[in-house]
Amino acid sequence: MLILGIETSCDETGVALYDTLHGLLAHRLHSQMEMHAAYGGVVPELASRDHIRRLLPLLLATLGDARRNLGDIDCIAYTEGPGLGGALLSGASVAAGLGFALDIPVTGIHHLEGHLLSPLLADPKPSFPFIALLVSGGHTQLMQVDRVGSYALLGETVDDAAGEAFDKTATLLGLSYPGGPALARLAEQGNASRFRLPRPMLGSGDLNFSFSGLKTAALMLAKNHADSEFADIAAAFQDAVVEVLVKKSLAALSQTACTRLVVAGGVGANKMLRSQLTQHARARGYEVYYPPLDLCTDNGAMIAFAAALRMEHNILKTGARRDFNIRPRWDLQEYAGENQ
Ligand code: KG4
Ligand code: ZN
């Protein structure tokens, strides 16, 4: 069974072909980063228009990479939400149109399910149950995943997401959008012990996070120090975020008696987070799993793959051929509830 995955929830157009027998055949990505950089953030209307422009050429190129034709596709999976309304609509309408033309089923997938199942695309892959640390531009959550479709929220951010805090702090340090990776690069040149930033909610006794105060603390440091010291501020910021993410993840593992941790979402590409998590988790006998590096950020492969796993577990829903849906604010718990 050949599944086409389409991801257009934000500023990346992702297309992938996943074969349920042979695995991921090909995937392509177009990042709109450069286009949005001039505005310092994602401009939703520009994002939607660019998805429309890119989708079909990307699909044809991906088919070429996989040496397949349109007629070989058996099912289409697109990101139904959460995300930007217009951007989601671009992917949903292309999926629905193609599904109608090819007379094949179309299914909407939850973007975060795509992220948290993506480590199962790597080798070795985790077995269930596991704890998922989901750290993206829009979300910071700890989830307990007992099986495909069963996602229990253990804790989440009460304000900014970790990626959002990276991006906002990068902007105030004069780095261009999207700042997360740029801040991480700058931090590599800095001395992390020069400044000490707070570790928000570390002692809160729950598994929730808060990152907006950290950004303000970094701003105060930046105001009082010269540009030449910004690498040290970046390093202090990264250190604080990573320590909180690591300690809360370890707490989630110990509270649930799970032994496997899966890290997903864009911030999961952060080298320091990876090395600290791996080091501390291993020291306690836990295993940590990551998606392949190129599948950490948004992509179509995770959407096609989530659909394949849902199909395997008989929980894939396909809509009536001519209707399609988007859910810009779609809670993962609600989605998990639909699987009961
Ligand atoms: O999962 P993703 O591609 O998109 C969302 O669904 O949000 O995550 C993007 C986020 C951005 O905030 C970006 O700055 C952050 O992930 N990010 C990083 C790194 N690479 C991407 N943050 C810190 N270090 C990185 N290396
Ligand atoms: Zn994402």
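In each ligand, atom 1 is the first atom listed, and ligand 1 is the first ligand listed. None of the values given here were measured: they were computed from a predicted structure.
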Problem - Separation of I109 CD1 from F305 CZ (nearest 0.5 Å) - result: 11.5 Å

Handout entry: D74 side, atom CG; L2 side, atom CG - distance, nearest 0.5 Å
Key = 6.0 Å

Exercise for the section: Measure up the Y151 and Y335 rings against each other and bin them: parallel (under 30°), tilted (30 to 60°), perpendicular (over 60°). Expected result: parallel

Exercise for the section: Hey, can you tell me if H111 and H115 have their rings parallel, tilted or perpendicular (30° and 60° cut-offs)? Expected result: perpendicular

Practice task
Under 2.8 Å from the Zn ion (ligand 2), which protein N, O or S atoms are there? Could you list them by chain and number?
Solution key: H111 NE2, H115 NE2, D298 OD1

Practice task
At a heavy-atom distance under 4.0 Å, which protein residues reach ligand 1? Sort them by chain and number, would you?
Solution key: H111, H115, S136, G137, G138, G163, F166, D167, G180, P181, A184, G265, G266, V267, A269, N270, T297, D298

Practice task
Answer with yes or no whether the side chains of Y78 and N325 bring together a donor and an acceptor at under 3.5 Å.
Solution key: no

Problem - Distance-only donor-acceptor check, side chains Q238 and N270, under 3.5 Å - result: yes

Handout entry: Residue pair D239, R196: steps toward the salt bridge (Lys or Arg N to Asp or Glu O under 4.0 Å) verdict
Key = CA-CA 9 Å; D239 218 43; R196 183 161 173 91; 5.5 Å; no

Practice task
State whether K215 and E164 are salt-bridged, where the test is any N-O pair (Lys NZ or Arg NE/NH1/NH2 against Asp/Glu carboxylate O) under 4.0 Å.
Solution key: no

Handout entry: Cation-pi geometry met for R260 and Y289 (6.0 Å, 45°)
Key = no

